[in-house]
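Small disclaimer: the values here were computed from a predicted structure and weren't measured. Each chain gets a letter, A, B and so on, in the order the sequences are listed, and its residues count up from 1.
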Protein chains: 2
Amino acid sequence: MTTADRLVESTRELLWERGYVGTSPKAIQRRAGVGQGSMYHHFAGKAELALAAVRATAEDMRAKADAQLSAPGTAYERISAYLLRERDVLRGCPIGRLTQDPDVVSDPGLRQPLDETFAWLRGRLAEVLAEGRARGELAEDLDVTTTAATLVAVLQGGYVLARSAESVEPFQHAVRGVLGLLAAQRRDVSDEERA
Amino acid sequence: MTTADRLVESTRELLWERGYVGTSPKAIQRRAGVGQGSMYHHFAGKAELALAAVRATAEDMRAKADAQLSAPGTAYERISAYLLRERDVLRGCPIGRLTQDPDVVSDPGLRQPLDETFAWLRGRLAEVLAEGRARGELAEDLDVTTTAATLVAVLQGGYVLARSAESVEPFQHAVRGVLGLLAAQRRDVSDEERA
DNA sequence: GTCTATAGATGGATAGAC
DNA sequence: GTCTATCCATCTATAGAC
């Protein structure tokens, strides 16, 4: 990894752990094993490093979600797999975390990747739900747009509950709860329709 | 208001806006209109002030939620009223916000009020759901514990989505989505059962 | 109780040598 | 490209006068 890459990686970790206000250039340098002058040679400052870090993290998050959501299976199976996939719950979401930082959301450049990521995720989930509905797997009157927003919110809120409890339990409950509600929207697909 | 009260109020506002790391004693003093020496006369430091502030905010939050959830009406109506009540969505949740702060969750004294608040809220929602189920208003097989966690998570996650989008829309979608799913759990209550 | 003075550490960045 | 030195502001708190 190049020096610049190590700086971005360190910044990603620190933004996840401590947020934007809680992350200092000095801490980034220390973690990356890079000196002061070196950092300022590659990046103009904290804000520029944060932007590179946030963009990389956002892209990662989209790629991971798409892997689950574009897999084979019914809509319910794919959404279930996405919600239940292994997560480092107590660390929270590296993107969602930043929405709490006023210095991030007040900076259009920094907020944009957050907005795009969640907008994409809601859209992708809505597509999966719409596919399931079109195939007769899900109730005809299911509102895919609002339900997609609910699914993303359950994950993000689940992290909040888990961190307050210092336990993954409330996260798992929240996920299982919404999956239970979604399961009630499933419909039987006849053999002829499947063909 | 006494000087101590004004300091706690200012701390509450700043913790909400900027979190624990983002809030400095100097900023608290300025907002409260209180001098340096005066603050340190009434409170040992930032941590002690934060504790008083967090406890007050947590109590407020429980009281407000209980007002909606203990009102008359069916379980669905009360939960609906709670979820849809007017909120300053873009400011986020003053309690949930703090779960992102490592210096808060790593301090048992500061984390406790957060944990208690969300545990209480999940329990209270589970009670309301259980009442509705017992009265035949809700499906017999509804899992009240996980559904309660889902409801709280939708609110907390809704704030995250709203702040990322700088718009209340995703929050409203998430809430309407989960209410739609919950509505499918409603059952008819016959006249005799109602009597 | 409140004020001013002071202190050591850290934050975020620049300057210039090598 | 990387290093060290330096800079000014802010952070968090203490000391002591009033």
Side chain of [X]: nearest nucleotide among [options]?
X     : options               : value
A/P25 : D/dT12, C/dA13, D/dG1 : C/dA13
B/Q36 : D/dC3, D/dT12, C/dG12 : D/dT12
A/T3  : D/dA5, D/dC11, D/dT2  : D/dT2
A/H42 : D/dT12, D/dA5, D/dT2  : D/dT2

- [ ] Assess whether atom CD of A/E59 is packed by more than 12 heavy atoms of other residues, nucleotides or ligands within 6.0 Å.
- [x] no
- [ ] Report the distance from atom CG of A/L15 to atom CD1 of A/I28, rounding to the nearest 0.5 Å.
- [x] 7.0 Å
Provide, to the nearest angstrom, the distance between the [atom1] atom belonging to [X] and the [atom2] atom belonging to [N].
X     : N      : atom1 : atom2 : answer
B/K46 : C/dT10 : NZ    : C1'   : 13 Å
A/R6  : D/dT2  : CZ    : P     : 8 Å
B/F43 : C/dT2  : CZ    : P     : 12 Å
A/L14 : C/dG12 : CG    : P     : 12 Å
A/L7  : D/dT2  : CG    : P     : 9 Å
B/I28 : D/dA13 : CD1   : C1'   : 13 Å
A/Q29 : C/dA13 : CD    : P     : 10 Å
A/M39 : D/dT4  : CE    : P     : 16 Å

Open item on the list: Check B/R6 with B/E9, please: is the shortest side-chain N to carboxylate O separation under 4.0 Å?
Closed with: no
Open item on the list: Heavy atoms only, 4.0 Å cut-off, all strands: where does A/T2 land among base, sugar-phosphate and nothing?
Closed with: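 Nothing, no heavy atom under 4.0 Å.
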TODO: Report which part of the nucleic acid B/G35 touches: base, sugar-phosphate, or nothing (heavy-atom distance under 4.0 Å, all strands).
DONE: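 B/G35: backbone/sugar contact only, no base atoms under 4.0 Å.
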Task: Side-chain (B/R18) to main-chain (A/P102) donor-acceptor, under 3.5 angstrom - done: no
Between [N] and [X], is there an OP1 or OP2 to side-chain N/O distance shorter than 4.0 Å?
X     : N      : value
B/S24 : D/dT10 : no
A/H41 : D/dC3  : no
A/K26 : C/dT10 : no

- [ ] Answer yes or no: is there a side-chain heavy-atom contact under 4.5 Å between B/Y159 and A/V160?
- [x]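 Not touching, per the 4.5 Å side-chain cut-off.
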